[in-house]
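Labels below follow one simple rule: chain letters A, B, ... track the order of the sequence lines, proteins then strands, and each chain is numbered from 1.
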Number of protein chains: 2
Amino acid sequence: MALRHAVLAALLDGESSGYELAKAFDAGMANFWHALPQQLYLELTKLEKDGLIQGRAVIQETRPNKRLFSVTDAGLAELERFAESSAKPAFIRDDLLVKVRAVDSLSAKAVIEQLEERALIAAAKIDIFERYLHRQRGDVDEQAFLSSGDRIGPYLTCMRGLRFEQETADWCGQTAQILRVRYGVGADA
Amino acid sequence: MALRHAVLAALLDGESSGYELAKAFDAGMANFWHALPQQLYLELTKLEKDGLIQGRAVIQETRPNKRLFSVTDAGLAELERFAESSAKPAFIRDDLLVKVRAVDSLSAKAVIEQLEERALIAAAKIDIFERYLHRQRGDVDEQAFLSSGDRIGPYLTCMRGLRFEQETADWCGQTAQILRVRYGVGADA
DNA sequence: CGTGATTACTCATAATGTTGAGTATGCTCA
DNA sequence: TGAGCATACTCAACATTATGAGTAATCACG
C-alpha cells in the first residue's frame, strides 16, 4: 500500500493524467518514489474505485483523450491516516553496491566503468533537481522560502533527492578513483 | 536475480549459515542490501541447487544443527557475469519522503515525530558503521587501508552506507526543525 | 520453574514490481 | 512520404519481496 500514497501525494500538486504521472515517476524526475506507467494506471483505477481520487475525462481534438485525476476528501483523509501510521525503514538496494562489495574477487574494470557511468547519471539528476529547486523558490532565498512559502513538501523532498544524488556522485567518483589506482586501470575507462 | 548476487557477495566474507546471513541482511547491518530470513533460506537452497554455493552440515550439541555455505567457482563466475552486466539505476523508495511530500496538506505533527525518530535510527546506524570501518582498517588510516588493504569491497560499501545515514540524519533533523517552526509544534514532540 | 530471548530453519500465501506486447492518433523532420 | 517520437492508455504473465504462522531446542533471568 505504498505506491497508493505516493500517487495521492503526487496528485496534491494538482490534477494530473496517468501519462503525466508516469513521466513524474520515471527515472528522471522521481525524487521521492519510482514506478512504471503500468503500475500507475492500475493504481489510478483502484484509487478511483475506492473513491480516494476522482477523474474527469478531457476530450482532445488533436491528441488521444485523457482523464485528469484529483484527490478527494476521502483521499486526503487516507493520506492523513498514512502519515500517522509508522513509517517502515528505508533501505538502499542497489546492484552497484553489490558489485563493489564483491570487487576484490572480480576483475575491477567493469565495476569502475559502472561507477563512472553512475556518477554521470547522478550529475544529470543534480542538475535537474537544482533547476527545480530554483524555480520553486523564485527570487527569495531558501531560508525565506522554507519559512514562508506556501507549499514546501515537494521542495523538501527534492532537497533530499538532491543530496542523495550528490552523495552518489561523490562516492562513485571517489570509489572509481580508488579502484583505478589499486588495479591500474586507466582513467579513460 | 538480485538477492542472488547479494548473497553470493556476502558469502565472500567467508562461510556462513542462513541464520548468520539473515542477521547481516537485517535492518541493523544491511549496508548494501536488505532481505528477510525467509527469502535468504529460499535463495540459499536455490543457489546450492544451481551449484553456485556449497553447503556443509555442522552438527552442534547445544544448538540446532546448521549448514554453512561458501561460494563455488561457478558462483564466482556468476558474480563476474553479474558485475559485467549493466546495473539498473537505484531509486529512493521511502514512506517518509511520501509523507513529507504531502505535509502541506496534512497535520504536521506525526510527520515531524517520524522525522525525528528516523534521525535517531540513522544516528544509531552511523555509530555501528563507524565502528565497523574502524575495526576493518585497524591501525592504518583510511587512505592507506584503501590503497593497500587486501579486501576493501565491504569497506567501500559500508562507507556508502555511512554517508547515506549521515545524509538521512541531517536531512531529517533539518526538515523536522523547519516544520516545527512553521507549524508551531514544540521541540518535545 | 516458567517467561522470554537466541539459535536455526520451513512452508504457504499475499502484495508488489517488472517485462513484454499491444492499440491508436498526430506531429515533426528529413 | 515515411520513420520516429510524443501522447494516452490497456492487458497478461512473470519475478521478486513481504507477511504470517510454525517447529524445536537451549539458555539466562528472576
Next on the checklist: Using whole Å, what does the distance between atom C1' of nucleotide C/dG17 and atom CZ of A/F25 come to?
Outcome noted: 14 Å
Checklist outcome for this item: Atom CG of A/L36 and atom P of C/dG22 are separated, to the nearest Å, by 19 Å
Item to check | Cationic N near anionic O, under 4.0 Å, B/R56 to B/E15 | outcome: yes
Atom pairs under 3.5 Å: protein N/O with N/O of nucleotides 6-16 of chain D:
from   : atom 1 : to    : atom 2 : distance (Å)
D/dT7  : OP1    : A/K23 : NZ     : 3.4
D/dT7  : OP2    : A/Y19 : OH     : 2.6
D/dT7  : O5'    : A/Y19 : OH     : 3.4
D/dA8  : OP1    : A/Q60 : OE1    : 3.3
D/dA8  : OP1    : A/Q60 : NE2    : 2.5
D/dA8  : O3'    : A/N65 : O      : 3.4
D/dC9  : OP1    : A/R67 : N      : 2.7
D/dC9  : OP2    : A/G18 : N      : 3.4
D/dC9  : OP2    : A/Y19 : N      : 3.1
D/dT16 : OP1    : B/M1  : N      : 2.0

Next on the checklist: For A/T62 and B/L42, find the nucleotide of DNA chain C closest to each by heavy atoms; which residue's nucleotide sits nearer the 5' end?
Outcome noted: B/L42
Item to check | Qualifying residues under salt bridge (charged side-chain N to carboxylate O under 4.0 Å, His left out), relative to B/R93, sequence neighbours excluded | outcome: none
Checklist entry - In whole angstroms, how far is the C1' atom of C/dT7 from the CG atom of B/L21? => result 14 Å
Checklist entry - Does A/K88 make a side-chain N or O approach to OP1 or OP2 of D/dT19 shorter than 4.0 Å? => result yes
Checklist outcome for this item: The side chain to side chain contact (heavy atoms under 4.5 Å, CB included) partners of B/V103 (sequence neighbours excluded) come to B/A108, B/V111, B/L179
Item to check | Rounded interatomic separation in angstrom, taking CZ from B/R4 and P from D/dT17 | outcome: 12 Å
Next on the checklist: Please enumerate all residues that pass side chain to side chain donor-acceptor pair (under 3.5 Å) together with A/E130, with sequence neighbours excluded.
Outcome noted: none
Checklist entry - Taking NE2 from A/H34 and C1' from C/dT19, how many angstroms apart are they, rounded to a whole number? => result 13 Å
Item to check | Gap between atoms CD1 and C1', on A/I59 and C/dT25 respectively (whole Å) | outcome: 16 Å
Item to check | ring-ring contact (aromatic ring centres under 6.0 Å, His included) partners for B/Y41, two or more places apart | outcome: none
Next on the checklist: Run the side chain to side chain donor-acceptor pair (under 3.5 Å) test against B/R182 and tell me which residues pass, sequence neighbours left out.
Outcome noted: none
Checklist entry - Across the strands shown, which category fits A/R93 at heavy-atom distances under 4.0 angstrom: base, sugar-phosphate, nothing? => result sugar-phosphate
